[in-house]
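Take a look at the structure below.
We're numbering straight along the sequence, starting at 1. Atoms considered below: every heavy atom in the structure, side chains included; atoms not considered: hydrogens, waters and symmetry mates. If you're wondering where the values come from, they're calculated on a predicted model, not measured in any experiment.
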Amino acid sequence: MARFSPFIEQLPQLFDTGELIFKGRNTIRAFVYAGERITVKRFRKPSGINALIYGHLRKSKARRAYEHASELIRRGIATPEPIGWREDYQGSIIRETYLITRYSDYRPLSELTNRFPDASVLEGLNAFARFIVTLHQKGIEHKDFNNSNTQWRRDERGDYHFEVIDINRMRFHCQALSRKESLRNLQRLTCSLDAYAYILQRYAEARGWQPYETALQATKHLQRFIGQRNRRYRFKALLKGKK
């Protein structure tokens, strides 16, 4: 990817000129460079002790996302093709970090899950369940596996294809995920409970597991996750109330 080196070198000056795709905790912009459409994700600046930890004791989010993308592709899982990453420091403190990838025209998974139980999305959700099975059988554990971090497209033959994004938090196993690891990995799917139950049933069928027993085990993980998340929200609200 040497031809992108001049662009990456000038990225801090160029970033705000790109087409805004998303702005939240992180900011994503699109560019056309060397005749190719590319995407740049600028991660939120780490604060406090994290500004020292990242880049010294721990790899930055940008670097981890780049390396994870390379490993996903090696294992046959789609993700926007990585081009490069950049870290900017102020002294020993890491400030801005960027991930550069080729542009992807895949669409948000929520376009399918939000329309459930419309018959037009069932084939896509069936394919998505099989995609999750492939992830788990390849030993891939996306630590933030939710609707926002999975995208889809449909080709001219009508086949569904999926890719994962926001991949700085991942774990790669040398073997397939266990049953417990697999079901726990599904607890972050942020869709309606009806859509979740449907995906879970298709997932169980694809793995040859008994659907009812699988649903009971998965529900325990989901309830535990929701409880922990709600406690975090209440704790954060309490801290804000003290300020």
Side-chain angles (χ1 to χ4, degrees), residues 1-109 111 135 138 140-146 148-156 161-172:
M1 302 296 182
R3 68 182 181 278
F4 292 100
S5 295
F7 174 80
I8 296 174
E9 290 175 4
Q10 302 174 57
L11 191 49
Q13 293 76 40
L14 294 175
F15 184 76
D16 288 336
T17 68
E19 174 192 350
L20 182 63
I21 302 297
F22 174 81
K23 187 174 181 62
R25 294 179 61 189
N26 308 307
T27 303
I28 302 174
R29 292 184 180 272
F31 299 82
V32 176
Y33 182 81
E36 292 194 50
R37 188 162 170 80
I38 61 176
T39 301
V40 180
K41 180 176 184 178
R42 183 175 68 187
F43 292 88
R44 184 177 64 172
K45 293 180 182 178
S47 59
I49 191 64
N50 284 334
L52 282 171
I53 292 175
Y54 283 120
H56 295 282
L57 301 179
R58 190 179 184 192
K59 294 177 182 178
S60 70
K61 292 182 178 181
R63 180 175 177 180
R64 278 186 282 137
Y66 176 85
E67 293 178 351
H68 291 169
S70 300
E71 179 63 17
L72 282 169
I73 292 171
R74 189 187 73 80
R75 295 191 183 208
I77 298 299
T79 192
E81 184 180 354
I83 292 173
W85 53 276
R86 177 184 173 119
E87 299 172 348
D88 289 339
Y89 289 80
Q90 183 178 354
S92 61
I93 304 297
I94 197 167
R95 291 303 183 190
E96 304 285 7
T97 60
Y98 305 85
L99 172 69
I100 305 96
T101 66
R102 282 197 165 85
Y103 182 82
S104 170
D105 60 357
Y106 280 57
R107 303 167 67 171
L109 182 68
E111 291 184 2
L135 282 177
K138 288 178 178 285
I140 298 169
E141 183 181 1
H142 195 315
K143 292 288 190 176
D144 195 15
F145 190 61
N146 59 49
S148 302
N149 296 341
T150 310
Q151 302 186 138
W152 68 281
R153 70 174 178 87
R154 200 174 189 185
D155 64 24
E156 60 278 1
H161 303 269
F162 299 88
E163 68 176 11
V164 290
I165 59 173
D166 287 349
I167 54 175
N168 56 288
R169 295 178 60 235
M170 304 200 77
R171 184 179 177 188
F172 296 96

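Exactly one of Arg86, Lys61, Lys45, Lys41 qualifies for a salt bridge (Lys or Arg N to Asp or Glu O under 4.0 Å) with Glu96. That residue is Lys45. Of the residues Thr97, Thr27, Ile94, the one that meets the side-chain contact (heavy atoms from CB on, under 4.5 Å) test with Phe43 is Thr97.
The OG1 atom of Thr79 sits 8.5 Å away from the CD atom of Gln151 when rounded to the nearest 0.5 Å. The CG atom of Leu99 sits 9.0 Å away from atom CG of Asn168, with the distance rounded to the nearest 0.5 Å. Here the straight-line distance linking atom OG1 of Thr17 with atom CG of Leu11 works out to 9.0 Å at 0.5 Å rounding. For the atom pair Tyr106 OH and Thr150 OG1, the distance stands at 12.0 Å (nearest 0.5 Å). Glu19 CD to Arg29 CZ: the interatomic distance, rounded to the nearest 0.5 Å, is 9.5 Å. In this structure, OG in Ser5 is found 6.0 Å from CD in Glu9, a value given to the nearest 0.5 Å.
Residues Tyr103 and Val32 form no side-chain contact, since every pair of their non-hydrogen atoms from C-beta on lies 4.5 Å or further apart. Annotation: side chain of Ile165 is in contact with side chain of Pro80 (closest heavy-atom distance under 4.5 Å). Using a 4.5 Å heavy-atom cutoff, the side chains of Glu67 and Lys59 are in contact. You'll find the side chain of Tyr98 stays beyond 4.5 Å of the side chain of Ile8, heavy atoms only. At a threshold of 4.5 Å between non-hydrogen side-chain atoms, the residues Asp166 and Asp144 do not count as touching.
For Arg95, the CZ atom is densely surrounded, since the number of other residues' heavy atoms within 6.0 Å is greater than 12. In Gln90, the CD atom is not crowded: 12 or fewer heavy atoms of neighbouring residues, nucleotides or ligands sit closer than 6.0 Å.
Using the six-membered ring where Trp is involved, Tyr33 and Phe7 have ring planes that are tilted, between 30° and 60° apart. His68 and Phe172 have perpendicular rings, their planes meeting at more than 60° on a 0 to 90° scale where under 30° would count as parallel.
For the pair Pro82 and Ile73, the tightest heavy-atom approach, listed with the atom from each and the gap, is CD-CD1, 3.6 Å.
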(request) Quick one: do Ile100 and Phe31 satisfy side chain to side chain contact (heavy atoms under 4.5 Å, CB included)? Show the steps, please. (result) CA-CA 10 Å; Ile100 305 96; Phe31 299 82; over 6 Å; no
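Checking side-chain atoms of Trp152 against main-chain N and O of Glu163 turns up no donor-acceptor pair under 3.5 Å.
For Lys138, the side-chain contact (heavy atoms from CB on, under 4.5 Å) test picks out Ile77, Thr134, Ile140, with sequence neighbours left out.
Here Arg63 does not pair with Glu87 in a salt bridge; the nearest charged N to carboxylate O distance is not below 4.0 Å.
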